[in-house]
Structure formats: structure tokens, C-alpha cells
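Take a look at the structure set out below.
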Protein chains: 2
Amino acid sequence: MDREEIAAAVQRELTVFARRVRGVPQRLHQELPLVAYSMLSSIDAADGCRSVDLVTLYRLDKSTVSRQVGDLERRGLVAKTTDPAHGRGQVLAVTPAGRALLHEAAATRQAELTRRVATWSDEELAAFAAALQRYNAAEPD
Amino acid sequence: MDREEIAAAVQRELTVFARRVRGVPQRLHQELPLVAYSMLSSIDAADGCRSVDLVTLYRLDKSTVSRQVGDLERRGLVAKTTDPAHGRGQVLAVTPAGRALLHEAAATRQAELTRRVATWSDEELAAFAAALQRYNAAEPD
DNA sequence: CCGCTAGGTTGTAAAATGCAACTCTAGGAA
DNA sequence: TTCCTAGAGTTGCATTTTACAACCTAGCGG
């Protein structure tokens, strides 16, 4: 198998993964679909982040992020604070309720993943994580 | 980093990938968005496949596949034939026009991928492909 | 003090999807 | 043979997610 074939295989597998994931949202966790989950977990991870940061992380439109963050806020999972230190924009923070729901959902997802990779060695899993990280880090433009 | 942390990293990276991909469809290839592309390429790869096969491959609803295949047919990229050998159901085939468009789109996507993994060695890329394959092959239920 | 611009929101339209109800027909049972 | 069941596909309908565009708002630099 030459490099081109390998690349084609990567392409194929990424496509399958991407397509399958589209439906998963509500199936996995009723209250926190993939979209909301990813937002919430990013806000939690990147301390003091603003909506713009999510725009660049996920390469989404401002409006999309605005709506989703708005939804999270309306549900009491996220709080917007106007931090004068950051000048313009609002700093986002996960509320205790948000954190609770997030941990619950994370556990569910983690369990699912753990089952899928049950037969993988630690080394194999670590290599996979590193490769994904590297792939995602590459600039698309 | 213990196994749990590694798993969390995998989770995180897969999420980022999944979220980013959602928007890509029309951006990458005007005529053949990700959804149509994946259908067409699967029909091309799995010779004599039926709609049901796509349902199981991508874990989509029958209706979704029906509409998408219908769209491809209306655009003259796919032909449905009622093969008596298969009993019920219709066997799908990519038309010459479909194949042409498919190859064109594949080239575009391949180029994009190639750029992203330009710094990867053959071994690294092959390992990535294998890991993805393994991940996708795991039964989710 | 004033315009510029980054950050965010809202209106609108499109795509993708799932569920449910329906049709059609091949294949087996009686 | 006839009938009934189950597999394959289609269509109606609602929902979610998204992009684009127009808009608003308030810091920041001059």
C-alpha cells in the first residue's frame, strides 16, 4: 500500500466517523446533545473564554455560537460576565449546575468510548490520541 | 497520564473533529457536499449495494438514505436497478457521470488531506489509518 | 470627543436528520 | 394456490444545526 492508498483509507475512515457522529447527539445524552456538550466542555476547559474563542476553535459562524451559548445561558448552565479586564466581549463561565450536568454527560460518553477501545493497549490508545491531536492542530487554510 | 486521561483526550479530539466537519460540506466541493459524496463513494466502493446497506454503514434512518439516494438519482449520478437475483430492494450503481464527479471530488478532498498530513511519515499515517479503522469497526451497541 | 471596529444578536433560509405512517412485494405457511 | 408477514423504500412532518447578512453596542485609538 503506497502513501496515496493510505491517505485514501484515512479519508474513508474519517468520512465514516464524521457521518456516524451526526446522528448521535440526542441518542447519547438526552439533556446535553453533542453540540451543547462540546460548547459547555470547551467553556469549562478554556478558562475565561469568550464566544469568539469558540468560533475559532470549532470554525463556526458567530451567530451559531451566539445562539448555542444563549441556549446554555437560558438553561442556567453558563453565565456571561462582562469582565472589564477583557475589554469588549463577555467572559463565559460554567455554572455549578452546568458543571454537574457536564460531568454526568462526560461520564456517559467516556463509558461509551471505554467500551469501544476496551481491547486497545495503553500505548495504542495514547498513539491514537496523539495522532488525532496532531491532525486537528494542522491548519486547514 | 493514565488511561482515563488518555481516553479523555481521545474524546476531546474526536469531538473537535466532529464539530468542525459539520460545516465543511458545501465549503469543500460545491457540487458534491460531504453527505452526497459519502453516499456516492460508498455506492461506488460496495458493488451492488442497496439502500439498506448504507443505512447500516452510516447508522442513518431509512428515510434519510432514501432521500439522499433519490437526490443522487435525480441528478443522474446514480441508477437504481431492480435485480431479481437480490429479491426485494433495488441495487444501486454509480453512473459514468457520477463516477466522473466522484473522482473530481475525491481529488479535491485528497489534496486537502495530503496538505494536512504533509509532515507525517508513511508509518505514522499508516498507523493512523489502522487506528481509525479499528475504532470505526468496533460495535457501538 | 468621534469614528472604527471587534464582539455579539437577530432575521431568514437551507440542509440533514429522525420518527411515524404508509405502500409494495417477495417468500414462506397453511 | 392463497394469504399473511416482514423487509425495503417513500413521504409527511417537525426539529436541530448551520451560514449569511444586516444590525446593534461599546471599547479604543487618534
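Heavy-atom basis, side chains included; hydrogens, waters and symmetry copies ignored. Sequence lines set the chain letters: A, B, ... in the order given, protein chains first and strands last, and positions in each chain run from 1.
The side chain of A:Lys80 contributes an N or O atom lying less than 4.0 Å from OP1 or OP2 of C:dT9. One finds a side-chain N or O of B:Arg19 lying less than 4.0 angstrom from the OP1 or OP2 phosphate oxygen of D:dT18. When the side-chain nitrogen and oxygen atoms of B:Arg59 are compared with OP1 and OP2 of C:dT17, none of them lie within a distance under 4.0 Å. Contact between the side-chain N/O atoms of A:Arg22 and the OP1/OP2 oxygens of C:dA16 is not found at any separation under 4.0 Å.
With axes fitted over five pairs at each extremity, the angle between the ends of the helix from C:dC1-D:dG30 to C:dA30-D:dT1 is 20° (10° resolution).
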Mind listing the N/O atom pairs, protein and nucleotides 5-7 of chain D, below 3.5 Å?
none

Distance-only donor-acceptor hits, side chain of residues 90-98 of chain B, under 3.5 Å, sequence neighbours excluded:
unit_1	atom_1	unit_2	atom_2	d
B:Thr95	OG1	B:Gly76	O	2.7
B:Thr95	OG1	B:Leu77	O	3.2
B:Thr95	OG1	B:Gly98	N	3.0

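Salt bridge annotation for B:Asp71-B:Arg67: absent, with no cationic side-chain nitrogen under 4.0 angstrom from a carboxylate oxygen.
Look at CG on A:Leu57: it is 16 Å from P on C:dG7, rounded to the nearest Å. Taking atom CG on B:Leu60 and atom P on D:dG9, their separation rounds to 14 Å, with Å as the unit.
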Between A:Leu60 and B:Arg22, is the side-chain contact (heavy atoms from CB on, under 4.5 Å) condition met? List the steps. CA-CA 9 Å; A:Leu60 294 169; B:Arg22 292 188 81 127; 5.9 Å; no
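Sequence neighbours left out, the pairs with a member in residues 2-12 of chain B that pass salt bridge (Lys or Arg N to Asp or Glu O under 4.0 Å) are A:Asp122-B:Arg3. For residues 41-70 of chain A, no pair satisfies ring-ring contact (aromatic ring centres under 6.0 Å, His included), with sequence neighbours left out. Within the structure, every pair that satisfies the ring-ring contact (aromatic ring centres under 6.0 Å, His included) test and touches residues 96-126 of chain B, not counting sequence neighbours, is listed here: B:Trp120-B:Phe128.
Contacts between residues 62-69 of chain A and DNA chain D, defined by a heavy-atom separation under 4.0 Å, are made by A:Ser63, A:Thr64, A:Arg67, A:Gln68.
In this structure B:Glu13 satisfies the side chain to side chain contact (heavy atoms under 4.5 Å, CB included) test together with A:Leu132, A:Gln133, A:Asn136, sequence neighbours excluded. With sequence neighbours excluded, the residues forming a side chain to side chain contact (heavy atoms under 4.5 Å, CB included) with A:Ser121 are A:Glu123, A:Glu124, listed by chain and number. With sequence neighbours left out, B:Asp61 forms a side-chain hydrogen bond (donor to acceptor under 3.5 Å, both in side chains) with B:Ser63. For B:Ala129, the side chain to side chain contact (heavy atoms under 4.5 Å, CB included) partners at least two apart in sequence or on another chain are A:Ile6, A:Ala9, A:Val10. Partners of B:Ser66 under the side-chain hydrogen bond (donor to acceptor under 3.5 Å, both in side chains) rule, at least two apart in sequence or in another chain, do not exist in this structure.
Comparing C:dT9, D:dG9, D:dC20 against the side chain of A:Gln90 picks out C:dT9 as the nearest.
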